[in-house]
Every structure is written in C-alpha cells, then in structure tokens.
Asks: 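Mind looking over this structure? Questions follow.
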Amino acid sequence: MPGPSQVSIEHSFSQAEFDRCARLSGDNNPIHVDAVFASHSRFGRTVAHGWLLCSKLRGLVEQLVPGGRLLDQSVTFEAPTFAGDKMMFSARIVEKGSSCVKFEMEVTRVSDGVVTCSGKGRVVT
C-alpha cells in the first residue's frame, strides 16, 4: 500500500530546545541562545538553528519515504523562527521515479502564514 504523498505536523520550539540544540551541536551563536544579545539584533529575539528546522522536516520526509536515503537537500531561510511560535512543518512528494523520490518542504508560522523555511530534495528508495 503506498504511503502518504504529503504530511504535516504542528510544533512550537521552546528556548530550552534552542539551548539543548546549541549544547548538542556546539553552535552557541548568541542569536540562538542569548536573549539580551538577540534583542539588539534585526530579529529582536532568539531564533531557531536552521538545522533544527531541517531535522524536523527530515522526520516528515521519513514518513513519506520510510528508509529513504537522503541524496541532497537545499533550503532557504526566508524569515526567522522564534521560540514559542506555533509552526506548521510540511513535506510533500513532487515526483516518484523508480528509485528516486523528489520532495518539497516548508515551515510556516501559523499566526500569520509567513514561510520561514522552504526547500527541496531527493531520497533514494
């Protein structure tokens, strides 16, 4: 039985998750973990690590293509993702070949519909 062609999940990251992400990765850029520093940035508050968003999206791709091996993925960060904001993470299949599946994905802020991250990629089945 074929799997779904599109999946979505709603999630709000907390500052504690940003902090754990920084500890895990070693990426302690103050834009992610220092509220005082971030308040003086163009964003006005801390923002999510890009790879944190991408890992949530990769989990959705796994639901679309269980066991698929990631060949490539490209993403654009169009707007900041803040702690506490309710976000919709979505991934969809756009093309299925005999051994390769192309997908698109995006992260959208629920409150205003702003896309904060979008991308595409391929997995081998």
Asks: Of all residues at least two apart in sequence or in a different chain, which pass the side chain to side chain contact (heavy atoms under 4.5 Å, CB included) check with Asn28?
Replies: Ala22

Asks: Taking the side chain as everything from C-beta on, heavy atoms only, tell me whether Phe89 gets closer than 4.5 Å to Leu53.
Replies: yes

Asks: Among residues at least two apart in sequence or on other chains, which ones pass side chain to side chain contact (heavy atoms under 4.5 Å, CB included) with Arg69?
Replies: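 By the side chain to side chain contact (heavy atoms under 4.5 Å, CB included) rule, Arg69 matches Leu71, Val124.
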
Asks: When rounded to the nearest 0.5 angstrom, what distance separates NZ in Lys56 from CZ in Phe13?
Replies: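 Spacing of NZ (Lys56) from CZ (Phe13) equals 5.5 Å.
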
Asks: Residues in side-chain hydrogen bond (donor to acceptor under 3.5 Å, both in side chains) with Ser8, at least two apart?
Replies: Ser90

Asks: Can you list everything that forms a salt bridge (charged side-chain N to carboxylate O under 4.0 Å, His left out) with Arg92? Sequence neighbours excluded, please.
Replies: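 Scan of Arg92 (salt bridge (charged side-chain N to carboxylate O under 4.0 Å, His left out), adjacent residues dropped) gives Glu104.
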
Asks: Quick check: closest heavy atoms across Ser12 and Gly84, and the distance to 0.1 Å?
Replies: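 For Ser12 versus Gly84, the nearest heavy atoms are OG-O, 4.0 Å.
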
Asks: Minimum heavy-atom separation for Val47 to Pro80, with atom names?
Replies: CG1-CB, 3.5 Å

Asks: Could you list the cluster mates of Val94? Members are the ILVMFWY residues connected by side-chain heavy atoms closer than 4.5 Å, either directly or through other members.
Replies: none

Asks: Applying side chain to side chain contact (heavy atoms under 4.5 Å, CB included), can you list everything that pairs with Val115, at least two apart in sequence or on another chain?
Replies: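 Residues passing side chain to side chain contact (heavy atoms under 4.5 Å, CB included) with Val115: Glu78, Glu106, Thr108, Ser118.
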
Asks: Do side-chain atoms of Arg109 reach the backbone of Phe82 as a donor and acceptor pair under 3.5 angstrom?
Replies: no

Asks: Residues in side chain to side chain contact (heavy atoms under 4.5 Å, CB included) with Ser74, at least two apart?
Replies: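 Testing Ser74 for side chain to side chain contact (heavy atoms under 4.5 Å, CB included), a comparison that skips the adjacent residues, returns Lys120.
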
Asks: Yes or no on side-chain contact (heavy atoms from CB on, under 4.5 Å) for Glu95 and Phe103, after CA distance, side-chain angles and deciding distance?
Replies: CA-CA 7 Å; Glu95 185 179 321; Phe103 62 88; over 6 Å; no

Asks: Show the nearest heavy-atom pair for residues Ile31 and Phe43, with the distance to one decimal.
Replies: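 For Ile31 and Phe43, the tightest heavy-atom pair comes out as CD1-CD1, 3.8 Å.
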
Asks: Quick one: name the residues clustered hydrophobically with Val36, using the 4.5 Å side-chain heavy-atom rule over I, L, V, M, F, W, Y, and just say none if it's on its own.
Replies: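 Reading the cluster by chain and number, Val36 sits alone, since nothing else belongs.
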
Asks: Could you measure the distance from the CG atom of Leu60 to the CD atom of Gln6? Nearest 0.5 Å is fine.
Replies: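 Going from CG on Leu60 over to CD on Gln6, the span is 10.0 Å.
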
Asks: Going from CG on Asp72 to NZ on Lys102, what distance comes out if it is rounded to the nearest 0.5 angstrom?
Replies: 9.0 Å

Asks: Should Leu52 and Val75 be counted in the same cluster of Ile, Leu, Val, Met, Phe, Trp and Tyr side chains packed under 4.5 Å apart?
Replies: yes

Asks: Which ILVMFWY residues are connected to Val110, directly or by a chain of links, through side-chain heavy atoms under 4.5 Å apart?
Replies: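 Noted: Val110 shares its cluster with Met88.
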
Asks: Can you tell me which residue pairs pass the salt bridge (charged side-chain N to carboxylate O under 4.0 Å, His left out) test with a partner in residues 7-29, sequence neighbours excluded?
Replies: Glu10-Lys86

Asks: Which pairs, with at least one residue in residues 30-47 and sequence neighbours excluded, count as a side chain to side chain donor-acceptor pair (under 3.5 Å)?
Replies: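 Non-adjacent pairs meeting side chain to side chain donor-acceptor pair (under 3.5 Å): Gln15-Thr46.
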
Asks: Starting from Trp51, walk the hydrophobic network (Ile, Leu, Val, Met, Phe, Trp, Tyr; side-chain heavy atoms closer than 4.5 Å) and list everyone else you reach, by chain and number.
Replies: Leu24

Asks: For Cys100 and Thr125, which heavy atoms make the closest approach, and how far apart are they?
Replies: N-OG1, 4.2 Å

Asks: Any donor and acceptor pair, going by atom type alone, linking the side chain of Gln73 with main-chain N or O of Arg122 inside 3.5 Å?
Replies: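 No, Gln73 side chain to Arg122 backbone: no donor-acceptor pair under 3.5 Å.
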
Asks: Locate the shortest heavy-atom distance separating Ser5 from Leu64; write the atom from each residue and the value.
Replies: C-CD2, 3.6 Å

Asks: Considering all heavy atoms of both residues, which atom of Cys117 and which atom of Phe77 are nearest to each other, and what is their separation?
Replies: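 The pair with the smallest heavy-atom distance is SG-CE2, 3.6 Å.
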
